[in-house]
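These notes are about the structure you will find just below.
All ligand and atom numbering here is 1-based and tracks the order in the structure. Note that these values count all heavy atoms, side chains included, but never hydrogens, waters or copies made by symmetry. Note that the structure is a prediction, hence the values are computed from the model and not measured.
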Amino acid sequence: MNDIVYLNGEFMPLENARVPVLDRGFIFGDGVYEVIPVYSRHPFRLAEHLKRLQNSLDGIRLSNPMSNSEWQALIGEIIARNDGEDQSVYFQVTRGVAKRDHAFPIGVKPTVFMMSTPLTTPAQELVEGGVHAITATDFRWLKCDVKSISLLGNCLLRQAAVEADATEAVLFRDGYLTEASASNVFIVRNGTLLAPPKNHLVLPGITYDVVLELAAANGMPVETREISEQEVKTADEIWVTSSTKEVLAVTTLDERTVGTGKPGAVFRKMHQLYQDYKRTVMRQAA
Ligand code: PDD
């Protein structure tokens with residue numbers, strides 16, 4: 001494994017990458033990030049990830065240090081310099097290094113860091129058997145549409161899931177479904193796929209968009225609307241989606257069995273559509 005990373009204009013082995021302790025990412029969690037899955041050395045939905053990066057940067061009032069074509073070239077370079085056909089490219093932009101003061105520093109260059117790790121898509125047994133999730137109160141801030149590196153809320157919630165031997169914590173705010181600690185959430189009721197709308201309470205997932213597009217293109221009944229906790233707890237199917245999890249079925253929620261206790265028919269169809277779609281996109285990119 002090479003583990004070549006990019007930091008502020010240079011490529012280097014991971015162990016050589018150093019950031020000053022006064023970096024605002026370290027001191028305040030003042031930055032944003034992206035995670036892009038790479039299949040057969042092609043970044044998946046790159047344009048959409050770069051658009052979301054721009055929205056996140058706008059959300060924290062930090063100007064984009066690179067153009068989209070510069071990002072594209074850099075991502076291509078990090079993929080080329082690392083091993084593995086399938087990778088997960090992580091990158092973050094922070095507000096840079098400055099004397100500690102909550103207010104924004106003036107004339108400071110943002111810190112840009114990028115790395116790649118091997119992408120492992122979920123094991124077949126998870127796809128076929130489903131996963132366990134817990135429910136939790138969404139106590140995060142009100143700008144969850146910003147992909148902020150300040151992830152303490154998400155970390156606490158994900159840790160609660162891990163301690164309950166669960167894959168995810170499904171979150172509710174004021175009695176309504178938002179998302180999960182590191183995924184978006186869908187449910188199926190009476191054959192209709194339901195998803196919470198995109199707003200400030202959820203991260204606009206790239207996988208979420210793919211799933212909604214595939215559902216619409218394949219004639220599956222879909223509604224994006226507010227979903228009550230009760231509807232989730234009595235759903236026929238519950239799914240979690242993310243760039244690294246793709247689409248997984250939740251088959252137990254807290255102590256309760258979801259639907260039949262096996263990934264449902266609508267999930268199986270979507271999982272197949274997703275795999276077919278990935279193959280098509282990668283063929284076109286090759
Ligand atoms: N997380 N919601 C949250 C809170 C997330 O952290 C993520 C992804 C998603 C799904 O977004 P996407 O489909 O674009 O991956 C939703 C990434 C993978 C992470 O933090 O590692």
Side-chain angles (χ1 to χ4, degrees), residues 25 29 31-39 43-56 59 75 86-94 113-122 131 133-162 166-173 176-187 195-215 224 227 238-248 250 270-271 273-275 277-278 281:
V32 297
Y33 76 107
E34 273 298 325
V35 178
I36 307 185
V38 173
Y39 304 108
F44 184 68
R45 295 234 154 181
L46 178 61
E48 289 81 355
H49 280 279
L50 291 178
K51 184 161 190 296
R52 185 172 65 185
L53 172 72
Q54 186 62 58
N55 290 341
S56 296
I75 290 162
D86 296 348
Q87 303 180 18
S88 172
V89 170
Y90 172 93
F91 58 101
Q92 64 173 49
V93 183
T94 78
F113 172 65
M114 187 179 290
M115 65 180 171
S116 174
T117 51
L119 177 67
T120 37
T121 46
V131 299
I134 59 167
T135 58
T137 299
D138 192 345
F139 51 68
R140 300 171 304 159
W141 71 335
L142 293 173
K143 288 178 184 261
C144 294
D145 52 332
V146 171
K147 202 161 171 63
S148 162
I149 62 168
S150 304
L151 285 174
L152 186 52
N154 303 66
C155 292
L156 288 167
L157 291 161
R158 166 95 175 104
Q159 183 60 24
V162 166
T167 298
E168 261 296 15
V170 172
L171 308 178
F172 298 95
R173 197 190 283 268
Y176 288 91
L177 173 66
T178 54
E179 56 181 342
S181 70
S183 338
N184 290 110
V185 179
F186 290 80
I187 68 167
K198 281 197 211 172
N199 58 26
H200 61 290
L201 301 179
V202 297
L203 184 80
I206 306 299
T207 321
Y208 168 104
D209 282 342
V210 175
V211 165
L212 287 182
E213 283 170 32
L214 289 173
T224 51
I227 301 168
I238 302 174
W239 311 346
V240 287
T241 69
S242 82
S243 292
T244 45
K245 294 184 200 79
E246 300 184 338
V247 190
L248 283 177
V250 172
M270 179 53 69
H271 188 264
L273 289 171
Y274 196 87
Q275 299 308 314
Y277 174 74
K278 253 170 57 180
V281 170

Is it true that a side-chain atom of Glu168 and a backbone atom of Ser183 form a donor plus acceptor pair closer than 3.5 Å?
yes
Test your reading of the model: is there a side-chain donor-acceptor pair from Asp145 to the backbone of Pro204, 3.5 Å cut-off?
no
Angle class for the Tyr277/Phe44 ring planes (parallel below 30°, perpendicular above 60°, tilted otherwise)?
perpendicular
Report all N/O contacts between ligand 1 and the protein shorter than 3.5 Å as a table of atom names and distances to 0.1 Å; if there are none, say 'none'.
residue: ligand 1; atom: 1 (N); partner: Lys147; partner atom: NZ; Å: 3.4
residue: ligand 1; atom: 2 (N); partner: Glu179; partner atom: OE1; Å: 2.7
residue: ligand 1; atom: 13 (O); partner: Ile206; partner atom: N; Å: 3.3
residue: ligand 1; atom: 13 (O); partner: Thr207; partner atom: N; Å: 3.0
residue: ligand 1; atom: 13 (O); partner: Thr207; partner atom: OG1; Å: 2.5
residue: ligand 1; atom: 14 (O); partner: Arg52; partner atom: NH1; Å: 2.8
residue: ligand 1; atom: 14 (O); partner: Arg52; partner atom: NH2; Å: 3.1
residue: ligand 1; atom: 14 (O); partner: Ile206; partner atom: N; Å: 2.9
residue: ligand 1; atom: 15 (O); partner: Ser243; partner atom: N; Å: 2.8
residue: ligand 1; atom: 15 (O); partner: Ser243; partner atom: OG; Å: 2.8
residue: ligand 1; atom: 20 (O); partner: Tyr33; partner atom: OH; Å: 2.6

For a 4.5 angstrom cut-off between non-hydrogen side-chain atoms, does His49 reach Ile75?
no
Any side-chain heavy-atom pair from Cys144 and Val202 closer than 4.5 angstrom?
no
Taking the six-membered ring of Tyr39, is NZ or CZ of Lys278 closer than 6.0 Å to its centre and within 45° of its axis?
yes
